[in-house]
Every structure is written in structure tokens, then in C-alpha cells.
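Working notes, beginning with the structure itself.
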Amino acid sequence: MSILLDAVRGGAAIVVLLGHMVQTGIYTGSYPFGPLAQHNAVVVFFVLSGLVIAHSVADHRGTLRDYAIARATRILPVSLFALAFGTAVYAIVTAFDLEPALQLAPYDRLSPATVLLPAAFLSESWNGVGPVWNPPYWSLAYEVWFYALFGAAYWLEGRRRVAWLAVLGLVAGWRILLMLPIWLMGAALARYAGDWQPTRTKALQLALAGAIALFVASDLGHVASLAMYVVHAQVDYPLKNSNYFLTDYLFGAGIALLFVAARPFAEAGHARLHAQRGPIRWLAGFSFSLYILHWPMLSVLSACGIGAGDNPFSFAALAAGIVGLCAAIARITEYRSRDLRRWVTARLARRSEPLPA
């Protein structure tokens, strides 16, 4: 099942990349997915993240410090590099008086806030601003607050738990809290469906229900978002990327059902999945870097007038180039997470050793 989840992670990252290439006008030809495909892929990430984190914690409970170190050393090498990379790309491109042909990034002017707030994962909290030329960064800020809230709920107890959850929720803000139930769907799978093995008949029924949920959520997404625009215009609090939260709940539930339904088939097809584990795990291994670095690269292509037009082969070639570049960058960022985790753990262990008498 882990290989299948890796395939889902890598596939979702590719869907985001390709969807953004269409969205930014890099590719203008026929494309099989709708405009919400890349947003829906993020919902897949959220459910998958909740499942993986909750399962990992259940298997290796550890301490709150262990959990914090694991999350920080996973996120920070990539997030800090992404901020530096995006800022450098923006500075170099604009120095030549260039800009992307389709300026779709909500933050297109560099300022201290567009660096410091994202670095502290406050870009999506209340009136925060995100990094220049990197809209996908929004979901990373959400993820970090999901991690923090989950850690407080899991390890703390009593009044201390309630107080920390209240403080963390207040700092995170309503946008992030609105999407938290989607992440918790994945965590619930690890907690309540971990040992359940549906029959093939039941699995097919669950898969059908999940597929219907995905179809309805995708079809009604824009309708629900228009209703939310009316609501947050009244309260003067734009929901931004949480604008689809109503249909995102339905989409997330559909993904959760499909994960459960996939179990008997994944086990039956384990040999075939195992034969493809190399390329699947290769792609999944840098999917985080691919997700968080591709938009600045697309901005460079657009600013330089490089595009695929309606040629699908050029589309594939440009996408492959971005995938390859992100894989290379991941060698010094994402792939170093475990080494950094061991180093931080060792340093903190030495500091906590009692002094000799």
C-alpha cells in the first residue's frame, strides 16, 4: 500500500505542474483536466498527509520534541530554499525589466513581508502575504499549522492542550482552520480504518461512492466558491484558497473512500506495483520540491517568452525539464532531511546530557 500512496503523491505533484503550465499559458493546447484539477490535487495531498503523519506517530510515538524535529527537518530545508530561490528568480528577471506574460501570482512585488511572513508560515494567517511568484506556497503554510495543531492535540493533555489549541488556532486563522477537517480525514483513516480490510465487493461500492463524490465536488466547485465570495464580501475576510472548502470537504471524503477501497486491490497487485517501485519512489521522493519550486520556473519561462504553444510534445519536454531540475535540487534539500534530523537530534541530546559532577 505504501508504494501506491507514493504513486498518488507523485502523480498529484505532476497534475499540479501540468495544470499550472496550462494556467500560466505555457501550454495552450488540449488538456484533459479542468481548471480545478491542481487545487483538487492539493486536497489529495492534505488527506494523504494526515494519513501518513497519523500512521507514523502511531507506529513511532516518541515525544513531542521528536515530532517537532521530524516535521521541522522535513519542511525547512525545502521551504527556505524555495523562498530564496523564488526571491532570486524575481530579482534577476525583473532586473532585466521582464515579467511573466500572464501575471497570475497574487503577490508580484517583493517586500520584507513577502519573505518574512512565508518563512514563519504566517502568509495565510489573517492578513498575511505570500512569497513573490510562488502561489503554491499557500498549502505549505496550511500544512505546518495542521502539524502544530495535531501535535498539540496528540501529546498535550487537559487544560494545557485546550490552551495551546486555542492559541495555535487563533494564530493560524479561519482560512487554515476551515481546511483542517480535510487533513483530519486522512488522520482518521490511520486511526479507525487502519486494520479494516474490505471485501472486494465492499471495496467496489466504496470506490463508486468515492468517484461520485469527486465528480460532484469538481462539478460544483465554482458554484460553491461564488457563494463564498458573497459571504466573505460581507465579513471582509477573503478566504483565498479556502474558498472551495465546502466542495473540498466532499472531494476529501471521496479521496478517503478511494484510499480505503484501494487496499484489497493494492495487495492483490502488490507484485506489479513492487516491480515499478523504483520510478514511483524516485518521483515521490522529490514531489515536495517539485510542488514548491515549479512556479518560479514557469515564471522564468513565461517572462522569457518560452512556451509550448499547442504542441503536446513541447509541453511534455518542458514539463520533463522542470521535473529534472527539481529532482536535481532535491538532492541538496529534500533528500538531506534525514541527515539534518539525525544531526539536530544528536545536538539536542548532547545539550540535554547532565554535566559531570
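All values below were derived from every heavy atom in this structure, side-chain atoms included, with hydrogens, water molecules and symmetry-related copies excluded. All figures in this text were calculated on a predicted structure; none of them were measured in a lab.
Judged by distance alone, with hydrogens and angles left aside, the side-chain atoms of Tyr67 form a donor-acceptor pair with the main-chain N or O of Tyr147 at under 3.5 Å. For the pair His20 (side chain) and Leu17 (backbone), a donor-acceptor distance under 3.5 Å is absent. Judged by distance alone, the side chain of Trp145 and the main-chain N or O of Gly173 form no donor-acceptor pair under 3.5 Å. In this structure, Tyr335 contributes its side chain and Arg338 its backbone to no donor-acceptor pair below 3.5 Å. Side chain of Glu334 to backbone of Ser289: a donor-acceptor contact under 3.5 angstrom is found. Checking side-chain atoms of Tyr291 against main-chain N and O of Pro136 turns up a donor-acceptor pair under 3.5 Å. At least one donor-acceptor pair under 3.5 Å links the side chain of Arg175 to the backbone N or O of Pro238. A donor-acceptor distance shorter than 3.5 angstrom exists from the side chain of Ser287 to the backbone of Ala284, with no hydrogens or angles considered. Checking side-chain atoms of Ser299 against main-chain N and O of Pro100 turns up no donor-acceptor pair under 3.5 Å. Although no hydrogens or angles enter the test, the distance criterion places no donor-acceptor pair under 3.5 Å between the side chain of Ser123 and the main chain of Gly128.
In this structure the side chain of Pro131 reaches within 4.5 angstrom of the side chain of Leu83, judged on heavy atoms. Side-chain contact between Arg65 and Ile69: present, with at least one pair of heavy atoms (C-beta onward) separated by less than 4.5 Å. Here the side chains of Ile75 and Phe288 are in contact, with some heavy-atom distance below 4.5 Å. Ser139 is not listed as a side-chain neighbour of Asn241, based on a closest heavy-atom distance of 4.5 Å or more. Residues Phe81 and Leu293 have side chains in contact (heavy-atom distance under 4.5 Å, counting atoms from C-beta outward). Between Leu180 and Phe150 the shortest side-chain heavy-atom distance does not fall below 4.5 Å. Here the side chains of Val171 and Leu122 are in contact, with some heavy-atom distance below 4.5 Å. The closest side-chain heavy-atom distance from Ile255 to Asn40 is not below 4.5 Å.
Taking each heavy atom of Ala207 and Leu258 in turn, the nearest pair found is O-CD2, 3.6 Å. Across all their heavy atoms, Ala37 and Val15 have their closest contact at O-CG1, 3.9 Å. Minimum interatomic distance between Phe286 and Ala330 (heavy atoms only, all atoms of both residues): CB-CB, 3.4 Å. In terms of heavy-atom proximity, Thr73 sits nearest to Ala70 at OG1-O, 3.3 Å. In terms of heavy-atom proximity, Ala152 sits nearest to Leu165 at CB-CD2, 4.0 Å.
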Can you check side-chain contact (heavy atoms from CB on, under 4.5 Å) on Ser125 and Ile176, steps first, answer last?
CA-CA 7 Å; Ser125 299; Ile176 293 172; 4.0 Å; yes
Report the C-alpha distance between Ile3 and Gln276 in whole Å, list the side-chain angles of each, state the deciding distance to 0.1 Å, and finish with yes or no for side-chain contact (heavy atoms from CB on, under 4.5 Å).
CA-CA 9 Å; Ile3 300 176; Gln276 301 300 319; over 6 Å; no
Start with the C-alpha gap between Tyr90 and Thr114, add the side-chain angles, then the distance that decides, and say whether side-chain contact (heavy atoms from CB on, under 4.5 Å) holds.
CA-CA 12 Å; Tyr90 175 89; Thr114 60; over 6 Å; no
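A distance of 8.0 Å separates CG of Leu117 from OG of Ser111, quoted to the nearest 0.5 Å. Atom CG in Leu206 sits 11.0 Å away from atom OG1 in Thr201 (nearest 0.5 Å).
Looking at Asp66, Val144, Ile53 one by one, the single match for side-chain contact (heavy atoms from CB on, under 4.5 Å) with Arg71 turns out to be Ile53. For the side-chain hydrogen bond (donor to acceptor under 3.5 Å, both in side chains) with Ser242, the lone residue among Trp138, Trp174, Tyr142 that qualifies is Tyr142. Tested against Leu290 for a side-chain contact (heavy atoms from CB on, under 4.5 Å), the candidates Ile329, Ile322, Leu325 yield a single pass: Ile322.
In this structure, Phe33 and Tyr31 have perpendicular ring planes: the angle between them is above 60°, well past the 30° mark. Using cut-offs of 30° and 60° for the angle between ring planes, the Phe146 and Trp183 rings count as tilted. Using cut-offs of 30° and 60° for the angle between ring planes, the Phe121 and Tyr137 rings count as parallel.
The 12-atom threshold is exceeded at CZ of Arg161, counting heavy atoms of other residues, nucleotides or ligands nearer than 6.0 Å.
When only modelled atom types and interatomic distance are considered, Thr63 and Trp155 share no side-chain donor-acceptor pair under 3.5 Å. Inspection of the Arg281 and Ser2 side chains reveals an N or O donor paired with an N or O acceptor under 3.5 Å.
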